[in-house]
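This report refers to the structure that appears directly beneath it.
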Amino acid sequence: KERLNKEDQEAFKRGIIIDQKIQCLPAKLEIIDDYHGYVTIEEGKYHQIKRMFGCFGAKVVKLHRISMGGLQLPSDLEEGQCRELTKEELEKVCIRDK
């Protein structure tokens, strides 16, 4: 709902502190146009994207996950739908102790 700008990009790059105490890892904000962007994060705290933008007084109106770990989510998977992961897909998203 708020315009994205270079200052937002720099703040994401430095790592934003949410809820006045939780330090987020540095993130990448790619601005598509004034109101749309791609965000790449390396962690997934509870509602992290919304909370990060909230630090600037901005409200996220729509959020769409396109990948998780090494897994690209299918573009034909509709909102609210799910399916079993293949063995290969599980390998991409699971962390195993070595």
Side-chain angles (χ1 to χ4, degrees):
K1 265 188 148 172
E2 302 297 324
R3 288 181 184 262
L4 300 174
N5 59 53
K6 291 282 186 190
E7 290 81 22
D8 299 337
Q9 277 184 314
E10 289 302 315
F12 272 66
K13 187 187 274 186
R14 286 190 305 271
I16 294 174
I17 297 174
I18 54 177
D19 299 334
Q20 300 170 353
K21 61 185 176 289
I22 301 169
Q23 176 71 50
C24 294
L25 292 175
K28 182 177 182 181
L29 170 61
E30 298 173 67
I31 297 174
I32 299 170
D33 63 34
D34 287 345
Y35 296 97
H36 299 91
Y38 286 115
V39 178
T40 303
I41 57 174
E42 299 295 324
E43 59 190 341
K45 298 182 185 313
Y46 183 74
H47 291 285
Q48 180 175 340
I49 301 292
K50 292 177 182 180
R51 292 162 66 197
M52 290 169 77
F53 278 104
C55 290
F56 307 109
K59 181 178 180 184
V60 175
V61 178
K62 186 174 181 181
L63 185 61
H64 179 77
R65 183 188 307 260
I66 58 175
S67 67
M68 188 167 95
L71 178 66
Q72 292 291 319
L73 300 179
S75 59
D76 63 343
L77 194 64
E78 300 215 9
E79 186 175 334
Q81 285 187 319
C82 63
R83 67 166 175 79
E84 296 277 332
L85 294 177
T86 65
K87 182 178 179 182
E88 293 79 22
E89 290 170 332
L90 279 171
E91 296 286 330
K92 291 180 179 180
V93 295
C94 291
I95 300 171
R96 298 176 190 251
D97 293 330
K98 295 184 179 184

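Counting begins at 1 with the first residue of the sequence.
- Hydrophobic clustering (ILVMFWY, side-chain heavy atoms < 4.5 Å, transitive): Tyr35 and Phe53 are in distinct clusters.
- Glu89 has no carboxylate O lying under 4.0 Å from a charged side-chain N of Lys87, or vice versa, which leaves the two without a salt bridge.
- Here the options are Gln9, Lys6, Arg3, His36, the test is side chain to side chain contact (heavy atoms under 4.5 Å, CB included), and the partner is Ile31; only Gln9 passes.
- Rounding to the nearest 0.5 Å places OG of Ser75 at 8.0 Å from NE2 of His64.
- Residues Met68 and Val39 do not share a hydrophobic cluster, defined by chaining ILVMFWY side chains whose heavy atoms lie under 4.5 Å apart.
- You'll find the side chain of Leu29 reaches within 4.5 Å of the side chain of Asp8, heavy atoms only.
- Under a hydrophobic clustering in which Ile, Leu, Val, Met, Phe, Trp and Tyr are joined whenever their side-chain heavy atoms come within less than 4.5 Å, directly or via other members, Phe12 and Leu63 fall into the same cluster.
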Pair Cys24-Ile41, side-chain contact (heavy atoms from CB on, under 4.5 Å): steps then yes or no: CA-CA 9 Å; Cys24 294; Ile41 57 174; over 6 Å; no
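- A donor-acceptor pair is defined here as one N or O able to donate and one able to accept, closer than 3.5 Å; no such pair exists between the side chain of Glu42 and the backbone of Leu25.
- At most 12 non-hydrogen atoms from other residues, nucleotides or ligands lie less than 6.0 angstrom from CZ of Arg65.
- Between the CG atom of Leu71 and the CG atom of Leu85 there is a distance of 6.0 Å, given to the nearest 0.5 Å.
- Taking CD of Glu43 as the reference point, atom CD of Gln48 lies at 4.5 Å (rounded to 0.5 Å).
- Note: the hydrophobic cluster containing Leu4 also contains Ile18 (ILVMFWY, side chain heavy atoms under 4.5 Å, direct or indirect links).
- At most 12 heavy atoms of other shown residues, nucleotides or ligands fall within 6.0 angstrom of atom OH in Tyr38.
- Inter-residue side-chain proximity for Gln72 and Ser67 is flagged as met; some heavy-atom pair is nearer than 4.5 Å.
- Of the possible donor and acceptor atoms, none in the side chain of Asp19 sits under 3.5 Å from a partner among the backbone N and O of Lys21.
- Atoms CG and CZ, from Asp76 and Arg83 in turn, are 8.5 Å apart once rounded to the nearest 0.5 Å.
- For the atom pair CG of Leu77 and SG of Cys82, the computed distance is 7.5 Å after rounding to the nearest 0.5 Å.
- Looking at Gln81, its side chain does come within 3.5 Å of a backbone N or O of Glu78 through a donor-acceptor pair.
- No donor-acceptor pair closer than 3.5 Å links the side chain of Glu91 to the backbone N or O of Glu88.
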